[in-house]
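Here the structure comes first, spelled out in structure tokens, and everything after it is commentary.
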Amino acid sequence: MSKEITPRSEDYSKWYNDLILKAGLADYSAVRGCMVIKPYGYALWENMRDVLDKKFKETGHENAYFPLFVPKSLFEAEEKNAEGFAKECAVVTHYRLKNDPNNPGKLIVDPEAKLEEELVVRPTSEAIIWNTYKGWIQSYRDLPILINQWANVVRWEMRTRLFLRTAEFLWQEGHTAHATEEEAIVETKQMINVYADFAENFMAMPVIQGVKSANERFAGAEDTYTIEALMQDGKALQSGTSHFLGQNFAKAFDVKYITKDNKPEYVWATSWGVSTRLIGALVMAHSDDQGLVLPPKLAPIQVVIVPIYKGEESKAIIDAKATEIMKNLKDKGIKVKYDNDDQSRPGWKFAEYEMKGVPVRMALGARDLENNVVEVARRDTKEKNVLSLDQIEAQIETLLSDIQNNIFNKAKTFRDENIVEVNDWDTFVKTLDEKGGFISAHWDGTPETEEKIKEMTKATIRCIPLNNKQENGACILTKNPSTQRVLFARAY
RNA sequence: CGGGAGGUAGUUCAGCUCGGUAGAAUACUUGGUUUGGGACCAAGGGGUCGCAGGUUCGAAUCCUGUCCUCCCGACCA
């Protein structure tokens, strides 16, 4: 069949692309670097979005929506932020097309319709949002502002990869304003915790929480907190970030509030986001050469029932039983699909749902009905078991939970096996080349050293883990004194 | 932006070296037989060969230009 995917061992990136395309998550589009998210991929995003949205609301945030376009003068207000994003901005310069007089049927940009001021298509929304917050904040009574928006952003990346880095992507961005530094820092940490909890308990993807080095920090932030995950090929993936923005944006947009003591004070800010990149992370974290492996908590379909019948009469009987099982599972809140499509045969369906990563498959045939059993296959281990149809709902519920735990543990074991402490340069380089993974090593704390290491090895500091153990040591490269280890890796 | 690969049927690709009526597999349509791991038989439909020029009696094939996509790198979430 044409639906085979390239094995990971042969070509990891080809495997990844094959998987996305053949599992029906996304397609390439006519636009460079932009992809079409297909219904199955979008369903996955919706599930992620719903869980996150609930968590944001539980932590006191509200959703709002700000414009796609940012006037250039606003965009450039916060210098570091502007500088950081400038080289990847799409810019709107005109607002009208007209017929090409020299080429009938074709359109040209109407030179008469040049904008007074260019509009930047948002690569992130701090500028437009802080310009707005200025009008909303006068007193300490107006604080905090805790807002999130679900949106698309555009970053004109030189090289793109499905989900991991696309020119346009979907994300959420939280933007909060606080009266005190302390409160803003608490918020920043709270949100990275929300992300870590989501990654581990829903995506079943273990992450390391930490702080970015100055080089890797978000443009315009005082501190960037990150969750870092490890992919199966040994490369790290930054999966979510939460920024403490200090008073940088408040100063840039002149956002002050009057304190209880009637003194003007700049507002403290945070911003935090995760994107459709998480889908790429999810794919790479668990999937295998047969296709996707999805965590039950996020899978668009948790259980698929495949009927196996001979003739119409047998089909009718199995239909009846399968429909009953489906109803009972649905009553338990389980997402079930009963695939009684007569156009494809069971074997084809088995392969297809494995490709799509459906966690549990039930195969129900006449033979099973006679014995009051059903064949249940789990996607993660590919184990098949014949289970009694009595209390099947409870058994499936347990199984789904087992699968969720199992794929998390598997990913965690892999991750833990791939964090190594390294104390000398040769081993550092050798480990990167041969094994990949996170390397815990001493660093002298200077941006120059980090830059040099990056140039020499392509490895960057992924983060300085939170609650990092303090110990004296010597920098892996310069041998200068160091007080703690940081995590290095090659990253996506 | 540098390097590489590519654009021919819905899809994957062959054909190009050496110019001569556009091919395969798969998918699709119809009919039949099937259904416990990607079914089988029969018939059928489907492509201005990325685009624009040029050479030629004749171009998917040769030449020039151009657009686009993917992969690797630099940049980045």
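Since this is a predicted model, take the numbers as computed values, not measurements. Side chains included, hydrogens not; waters and symmetry mates left out as well; all remaining heavy atoms used.
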Expected rows: protein N/O vs nucleotides 40-47 of chain B N/O, under 3.5 Å:
none

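- Contacts of A/N63 classified as side chain to side chain contact (heavy atoms under 4.5 Å, CB included), with partners at least two apart in sequence or in another chain: A/D53, A/K57, A/N148, A/W150.
- OP1 or OP2 of B/C71 has at least one side-chain nitrogen or oxygen of A/N17 nearer than 4.0 Å.
- For B/G65, the paired base is B/C51 (Watson-Crick or G-U wobble, both distances below 3.5 Å).
- When the ring pair (Phe, Tyr, Trp, His ring centres under 6.0 Å) test is applied to A/H61, the partners found at least two apart in sequence or on another chain are A/W272.
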| message | Strictly under 4.0 angstrom, non-hydrogen atoms only: write out the protein contact profile of nucleotides 1-7 of chain B, one letter per nucleotide from the 5' end, B, S or -. | response | -------
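- For B/U35, there is no paired base (Watson-Crick or G-U wobble, both distances below 3.5 Å).
- The listed nucleotides are B/A77, B/G36, B/C75; the one nearest the side chain of A/K87 is B/C75.
- A/S344 has no side-chain polar atom (N or O) that falls below the 4.0 Å cut-off from OP1 or OP2 of B/G38.
- Taking 4.0 angstrom as the limit, A/R32 places none of its side-chain polar atoms (N or O) nearer than this to OP1 or OP2 of B/C67.
- Checking A/K310 against A/G33, the closest nucleotide of RNA chain B that is more toward the 5' end is the one next to A/K310.
- For the pair A/Y28 and B/C71, the criterion of a side-chain N or O lying under 4.0 Å from OP1 or OP2 is met.
- Contact annotation: side chain of A/K384 to base of B/G37, donor-acceptor pair present below 3.5 Å.
- Judged by Watson-Crick or G-U wobble contacts below 3.5 Å, the nucleotide B/C70 has B/G4 as its partner.
- Evaluation of the ring pair (Phe, Tyr, Trp, His ring centres under 6.0 Å) rule for A/F408 yields no partner, not counting sequence neighbours.
- Here the side chain of A/R361 pairs no donor or acceptor atom with the backbone of A/Y353 at under 3.5 angstrom.
- The pairing partner recorded for B/U11 is B/A25, the criterion being a Watson-Crick or G-U wobble arrangement whose two distances lie under 3.5 angstrom.
- Looking at residues two or more places apart in sequence or on another chain, you find a side chain to side chain contact (heavy atoms under 4.5 Å, CB included) between A/E118 and A/K72, A/V91, A/T93, A/K114.
- Taking the side chain to side chain contact (heavy atoms under 4.5 Å, CB included) definition, one finds that A/N215 meets it with A/S213, A/P447, A/E450, A/E451, sequence neighbours left out.
- A ring-ring contact (aromatic ring centres under 6.0 Å, His included) check over residues 208-229 of chain A, counting only residues at least two apart or in different chains, returns the pairs A/F85-A/F218, A/F218-A/H243.
- Listed by chain and residue number, A/F428 satisfy the ring pair (Phe, Tyr, Trp, His ring centres under 6.0 Å) test with A/W425 (two or more places apart in sequence, or in another chain).
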